[in-house]
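Keep in mind that the numbers below use all heavy atoms, side chains included, and drop hydrogens, waters and symmetry copies. One-based numbering, in listed order, for ligands and for the atoms of each. Small disclaimer: the values here were computed from a predicted structure and weren't measured.
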Amino acid sequence: MPATRTLPTREAADLIDLTRSLVSKELAPRAAEAESEERFPRDVFLTLGRAGLLGLPYSEEYGGGGQPYEVYLQALEEIATVWSSVAVGVSVHALSCYGLAAYGTEEQRREWLPDMLGGELLGAYCLSEPHAGSDPAAMRTRAVRGGDHYVLNGAKAWTTHGGHADFYTVMARTSDHRSRGISCFLIPADTPGLTAAAPERKMGLTGSTTATMHLEDVRVPAHRRIGEEGQGLSIALSSLDSGRLGIAAVATGLAQGALDHAVRYAQERETFGKPIIEHQGLAFVLADMAAAVESARATTLAAARLRDHGLPFTTEASIAKLVATDNAMKVTTDAVQVLGGYGYTRDFPVERYMREAKVMQIFEGTNQIQRMVISRALTRPARGGITVVGE
Ligand SMILES: Cc1cc2nc3c(=O)[nH]c(=O)nc-3n(C[C@H](O)[C@H](O)[C@H](O)COP(=O)(O)OP(=O)(O)OC[C@H]3O[C@@H](n4cnc5c(N)ncnc54)[C@H](O)[C@@H]3O)c2cc1C
């Protein structure tokens, strides 16, 4: 049962219709098999790119969809109802384009963005390192300048699309200053010295490849640095503000998908002479699941609308990521419960949804890190202001 949506324009409504149709025709029939065979569906990204769904929140001037975040996130949610690996991939691709779109020079944007937004080139975002996840400023990968180029050495852990991407947005240390000593580079996959380790063997999200990228004497021309030298960590963190909204939307869609399966099953399965949905004890579990999905969606879209109005949204993005991913974990666990013993088997999709929900609480800042961001904002003097956006 698709979610009921309110969209700002007819064009946005058409985009959601298009997404729903692609999801049911192209994604739904393939998701379970690709996940169980741990196969990365590279062709799906080309299909989404050609349909205009890979660059939705980016400017039309560079081949993007020119859509507000509010619309982009709802399209992402629709994808996640059937296939989280693909929805996460779209979100990570958008994350990998963000630095270039927001901090790149006009020349850099014109050269690379159209192919990135059109789906010809798939992106990856390399911030984490084996010993530096929650604390990225502890990174050790180095970029040493020599004339008109840099030479990079180190390892970037957990790279989504590692080994499949066409370009890597890589954060590396250009000086010893903890936070202002990091710079951002856009590195094509075929650059000598850049290699992917064997993919991680994960609990879920198995259709999405995650691998450590090794950099050994990787020579990157200086014109491939994004932003100023030393600006890399702030580019990485502002990319993550938007990325967290993407993950919140994916978690909401995933939870919606699990709820839909549970409701359908509860209408068909009978115990004590009636469908289990007619037992109040079970119906209330479903009611709580529906409330959790709606509150995840509302929190995510409220943060997106702040972003769309050009207002600060860092704290709200963390709140959305926290609420939506914790809710997704709860909803998917309850969906397994609703299906009873069958829910615990691989014959039904809800156990997969539950395994996929877990990682949403971990990547793009664990939910402990989101709580750090939220709690720090509680004592800021700017709280309590009123902003008018409609005039
Ligand atoms: C499937 C997957 C895909 C990923 N994709 C990418 C990607 O594409 N690009 C990328 O750069 N990274 C990616 N990551 C990395 C991810 O962002 C990190 O795993 C995450 O930020 C946590 O870092 P860590 O694993 O090193 O855990 P740690 O930082 O070692 O944390 C361990 C535990 O300690 C807690 N903790 C740490 N510090 C604090 C604190 N100050 N207060 C309270 N608790 C704390 C954490 O919440 C966690 O529970 C991916 C990870 C996974 C699993």
Undergrad: May I ask you to list the atoms of ligand 1 that are less than 4.0 angstrom from any heavy atom of Leu127?
TA: 11 (O)
Undergrad: Given Ser134, Gly89, Ser96, identify the one with the heavy atom nearest to atom 38 (N) of ligand 1.
TA: Ser134
Undergrad: Have a look at Ser85 and tell me which of Glu35, Arg39, Glu38, Glu356 forms a side-chain hydrogen bond (donor to acceptor under 3.5 Å, both in side chains) with it.
TA: Glu35
Undergrad: Residues in salt bridge (charged side-chain N to carboxylate O under 4.0 Å, His left out) with Arg225, at least two apart?
TA: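 For Arg225, no residue satisfies salt bridge (charged side-chain N to carboxylate O under 4.0 Å, His left out) once neighbours in sequence are set aside.
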Undergrad: Check each of Ala157, Ser128, Gly133, Gly365 against atom 12 (N) of ligand 1 and report the one with the nearest heavy atom.
TA: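 Closest candidate by heavy-atom distance is Ser128.
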Undergrad: For His164 and Thr209, does a side-chain donor sit closer than 3.5 Å to a side-chain acceptor?
TA: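 Yes, a side-chain donor-acceptor pair sits under 3.5 Å.
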Undergrad: Of all the non-hydrogen atoms in the protein, which one sits nearest to atom 17 (O) of ligand 1, and at what distance?
TA: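 Here the nearest protein heavy atom works out to Glu364 N, 3.5 Å.
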Undergrad: Identify, with sequence neighbours excluded, every residue that meets side chain to side chain donor-acceptor pair (under 3.5 Å) alongside Thr299.
TA: none
Undergrad: Looking only at non-hydrogen atoms, which of Trp158, Tyr168, Phe363 approaches atom 13 (C) of ligand 1 most closely?
TA: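 Comparing heavy atoms across Trp158, Tyr168, Phe363, the nearest one to atom 13 (C) of ligand 1 lies in Trp158.
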Undergrad: Look at Arg30 together with Asp43 and state whether they make a salt bridge at an N to O cut-off of under 4.0 Å.
TA: yes
Undergrad: My question is simple, although I want it checked carefully: is atom 2 (C) of ligand 1 less than 4.0 angstrom from any protein heavy atom?
TA: yes
Undergrad: Within 4.0 Å of atom 30 (O) of ligand 1 (strictly less), any protein heavy atom?
TA: no
Undergrad: Which protein non-hydrogen atom lies closest to atom 40 (C) of ligand 1, naming both residue and atom, and how far is it?
TA: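 Heavy-atom neighbour on the protein nearest atom 40 (C) of ligand 1: Met372 SD, 3.9 Å.
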Undergrad: Any side-chain donor-acceptor pair under 3.5 Å between Tyr353 and Ser84?
TA: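 Checked: Tyr353/Ser84 side chains show no N/O donor-acceptor pair below 3.5 Å.
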Undergrad: Closest non-hydrogen protein atom to atom 46 (C) of ligand 1, residue and atom name please, with distance?
TA: Thr366 OG1, 3.6 Å
Undergrad: Say you draw a straight line from CD1 of Ile187 to CG of Leu152; how long is it, rounded to the nearest 0.5 Å?
TA: 5.0 Å
Undergrad: Name the orientation class of the two ring planes belonging to Tyr265 and Tyr342 (parallel below 30°, tilted from 30 to 60°, perpendicular beyond 60°).
TA: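 Taking Tyr342 first and then Tyr265, their aromatic rings sit tilted (interplane angle of 30° to 60°).
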Undergrad: Looking only at distances, can you tell me whether any N or O atom of Pro130, backbone or side chain, sits closer than 3.5 Å to an N or O atom of ligand 1?
TA: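 No; every N/O pair is 3.5 Å or more apart.
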Undergrad: Verify whether the ring centers belonging to His161 and Tyr125 lie closer than 6.0 Å.
TA: no
Undergrad: Any nitrogen or oxygen of Thr210, main chain or side chain, under 3.5 Å from a nitrogen or oxygen of ligand 1?
TA: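 So ligand 1 has no N or O lying under 3.5 Å from an N or O of Thr210.
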Undergrad: Atom 9 (N) of ligand 1: which protein heavy atom is closest, and how many Å away?
TA: Tyr125 O, 2.8 Å
Undergrad: Atom 53 (C) of ligand 1: which of Val359, Ile369, Thr206, Thr160 has the nearest heavy atom?
TA: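 Nearest option to atom 53 (C) of ligand 1, by heavy atoms: Val359.
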Undergrad: Answer yes or no: does an N/O atom from Thr159 fall short of 3.5 Å to an N/O atom of ligand 1?
TA: no
Undergrad: Nearest 0.5 Å please: distance from the CZ atom of Phe363 over to the CZ atom of Arg244.
TA: 12.0 Å
Undergrad: Looking at ligand 1, would Ile362 count as a contact under a 4.0 Å heavy-atom criterion?
TA: yes
Undergrad: Could you work out, for atom 43 (C) of ligand 1, the closest of Gln368, Gln370, Lys202 by heavy-atom distance?
TA: Gln368
Undergrad: Is atom 35 (C) of ligand 1 close to the protein, meaning a heavy atom under 4.0 Å from it?
TA: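 Given the 4.0 Å cut-off, atom 35 (C) of ligand 1 does not count as touching protein heavy atoms.
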Undergrad: Answer yes or no: are there more than 12 heavy-atom neighbours, outside Arg180 itself, under 6.0 Å from its atom CZ?
TA: no
